[in-house]
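Below you'll find the structure, written out as structure tokens, and then a few comments.
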Amino acid sequence: MNNNNGPLLVTNAHPVEIIATIKLVMCGRGDVVRLIYTAQHGGRAAVSFGLCVYPQLQDIQHYILNTMIREVLLLVVGAVMVLAQRRLALPDPRSCANRVRHASYRDARGVSHSYFFSWEHGPTRGLEVDWLDARNICRRHCMDAVSMETPQENEFIKQRVARGNVRYIWTSGRKCNFAGCDRTDLQPPNVNGWFWSGSGVKIGPTTQRNTGDWSATGGFGQAQPDNREAAQGNDESCLSILNNFYNDGIKWHDVACHHVKPFVCEDSEELLNFVASRNPGIRL
């Protein structure tokens with residue numbers, strides 16, 4: 001479902017925020033230096049270090065501590081580089097030619113696409129990934145996460161979710177909350193900033209309930225999108241379909257992008273044309 005404002009010409013972005021914490025703690029016998037590194041797929045990395053300090057060995061430890069702090073800084077830089085590499089994947093020609101297609105659907109506009117449902121394919125039946133990984137798995141196969149641009153296509157996907165008894169899935173829906181999203185027509189982002197990243201088509205204003213399939217409730221009992229996790233520092237900027245999660249039927253919800261879910265892929269004309277133009281004779 002979409003409005004008529006044309007394509008949203010912005011690029012996908014995953015800003016990386018690094019939080020580094022160094023703690024000096026008094027250690028007893030048998031304690032060791034502990035290093036904990038965690039990375040959330042939503043683009044935030046938390047790096048915390050616990051460094052043992054033994055009062056009786058302070059002179060030696062000044063040298064060790066300085067050395068370890070240098071190592072800490074190198075690890076932080078490494079964490080930044082790893083997360084910064086999370087970008088949209090390019091299609092793989094062989095994977096595109098051999099992509100699994102569970103169903104095809106022709107919408108009211110006469111547009112026909114093939115679809116892949118992760119829970120219907122043996123190797124991915126139990127797989128749950130974050131939003132960007134879902135898109136990239138699809139994109140390597142000349143597909144992208146699904147974009148429900150018409151009410152009919154939306155109903156088609158919902159019926160498949162109901163049939164598979166899947167609790168939730170990722171779509172390509174995204175809130176424009178990154179660099180380049182300061183355009184007036186996208187403000188405020190939670191109302192006017194939603195779009196289908198798989199096709200670049202805008203989703204209608206969330207205040208006009210007939211332009212989407214947003215749920216009337218959520219974790220706080222508020223109409224979606226409610227950006228419920230914002231208080232925890234997680235912008236709910238990705239669009240998921242939840243299957244009666246809040247006794248509300250199969251509906252759209254805004255969800256923080258680092259959560260993991262099954263996913264639906266849809267043929268991407270852009271990627272299919274890209275691969276066909278560079279691989280003459282390939283059968284897609």
Side-chain angles (χ1 to χ4, degrees), residues 8 10-16 39-44 82-92 95-96 98-103 105 113-149 153-154 156-158 160-161 164-178 194-201 203 213 224-225 229 234-243 245 250-272:
L8 182 65
V10 294
T11 56
N12 181 69
H14 256 280
V16 175
Q40 290 185 354
H41 286 172
R44 171 179 299 158
V82 167
L83 288 179
Q85 289 172 358
R86 299 197 75 231
R87 294 290 183 261
L88 287 179
L90 289 173
D92 172 65
S95 299
C96 293
N98 298 319
R99 69 191 185 281
V100 175
R101 287 164 275 193
H102 292 124
Y105 178 77
H113 280 165
S114 295
Y115 297 82
F116 169 86
F117 303 92
S118 66
W119 61 92
E120 295 186 12
H121 184 50
T124 58
R125 183 161 291 128
L127 180 65
E128 296 189 346
V129 295
D130 70 16
W131 182 82
L132 183 58
D133 281 347
R135 284 197 71 193
N136 280 339
I137 291 171
C138 296
R139 287 176 61 87
R140 282 192 287 272
H141 296 82
C142 282
M143 305 176 100
D144 210 322
V146 67
S147 304
M148 283 88 67
E149 297 177 27
E153 186 180 18
N154 184 56
F156 166 69
I157 297 300
K158 286 170 61 172
R160 207 78 179 205
V161 168
N165 196 28
V166 183
R167 295 188 72 199
Y168 34 60
I169 65 163
W170 280 129
T171 75
S172 78
R174 183 71 159 86
K175 180 168 64 181
C176 199
N177 64 344
F178 41 84
W194 288 91
F195 68 104
W196 297 116
S197 62
S199 62
V201 174
I203 298 172
D213 199 12
Q224 300 296 293
E229 287 192 34
N234 298 318
D235 195 350
E236 294 190 325
S237 53
C238 290
L239 197 160
S240 172
I241 295 179
L242 272 55
N243 185 354
F245 208 82
I250 302 178
K251 292 290 184 180
W252 297 2
H253 287 257
D254 60 327
V255 177
C257 305
H258 68 268
H259 290 290
V260 295
K261 303 183 187 303
F263 53 93
V264 177
C265 301
E266 175 183 9
D267 277 352
S268 166
E269 295 300 327
E270 177 187 17
L271 298 180
L272 287 167

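- Counting only heavy atoms from C-beta outward, the side chains of Ile203 and Trp252 approach each other to under 4.5 Å.
- Between Lys175 and Asp235 there is a salt bridge, with a side-chain nitrogen of the basic residue lying less than 4.0 Å from a carboxylate oxygen of the acidic one.
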inquiry  = Checking Ser147 against Glu266 for the side-chain contact (heavy atoms from CB on, under 4.5 Å) test, could you report, in this order, the C-alpha distance in whole Å, the side-chain angles of both residues, the deciding distance, and whether it holds?
reply    = CA-CA 8 Å; Ser147 304; Glu266 175 183 9; 4.1 Å; yes
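- For Asp130 against Val260, the heavy-atom pair with the smallest separation is N-CG1, 3.7 Å.
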task = Take Asp267 and Arg101 through the test salt bridge (charged side-chain N to carboxylate O under 4.0 Å, His left out) and record every step on the way to the result.
result = CA-CA 9 Å; Asp267 277 352; Arg101 287 164 275 193; 5.5 Å; no
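- Between Trp170 and Ala256, the closest heavy-atom pair is CH2-O, 3.6 Å.
- Relative to the six-membered ring of Trp131, Arg174 meets both conditions, a distance below 6.0 Å and an angle of at most 45° to the axis.
- Taken from CG in Leu272 to CG in Asp144, the straight-line distance is 11.0 Å, to the nearest 0.5 Å.
- In this structure, CD in Gln224 is found 11.5 Å from NZ in Lys251, a value given to the nearest 0.5 Å.
- Considering only heavy atoms from C-beta on, Val264 stays 4.5 Å or farther from Arg160 through its side chain.
- Between atom OH of residue Tyr168 and atom CZ of residue Phe263 there is a gap of 14.0 Å, rounded to the nearest 0.5 Å.
- Looking at every heavy atom in both residues, Ala103 comes nearest to Phe156 through CB-CZ, 4.0 Å.
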task = Please test His141 against Cys265 for side-chain contact (heavy atoms from CB on, under 4.5 Å), starting from the C-alpha separation and ending with a verdict.
result = CA-CA 9 Å; His141 296 82; Cys265 301; over 6 Å; no
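- Atom CD of residue Glu153 and atom NE2 of residue His113 lie 8.0 Å apart, to the nearest 0.5 angstrom.
- Using a 4.5 Å heavy-atom threshold, the side chains of Asn136 and Leu88 count as touching.
- Separation of atoms NZ (Lys261) and CD1 (Ile169) is listed at 10.0 Å; rounding is to 0.5 Å.
- With hydrogens and angles disregarded, no donor-acceptor distance shorter than 3.5 Å links the side chain of Asp92 to the backbone of Arg140.
- Nearest approach of Ser172 to Ser197, heavy atoms of both residues: O-OG, 2.6 Å.
- Ile250 contributes atom CD1, which lies 13.0 Å from atom CZ of Arg167 (distance to the nearest 0.5 angstrom).
- Residues His121 and Phe116 meet the side-chain proximity criterion, which asks for heavy atoms closer than 4.5 Å.
- Taking 4.5 Å as the limit, every side-chain heavy atom of Leu271 sits out of range of all side-chain heavy atoms of Leu90.
- The side chain to side chain donor-acceptor pair (under 3.5 Å) test applied to Glu229 returns Asn234, His259, not counting sequence neighbours.
- Evaluated for a side-chain contact (heavy atoms from CB on, under 4.5 Å) with Phe117, the options Val161, Thr124, Ile157 yield exactly one hit, Ile157.
- A heavy-atom distance below 4.5 Å is not found between the side chains of Tyr115 and Glu120.
- Shortest non-hydrogen contact noted between Thr171 and Gly173 is OG1-N, 3.0 Å.
- Residues Pro225 and Glu236 fail the side-chain proximity criterion, which asks for heavy atoms closer than 4.5 Å.
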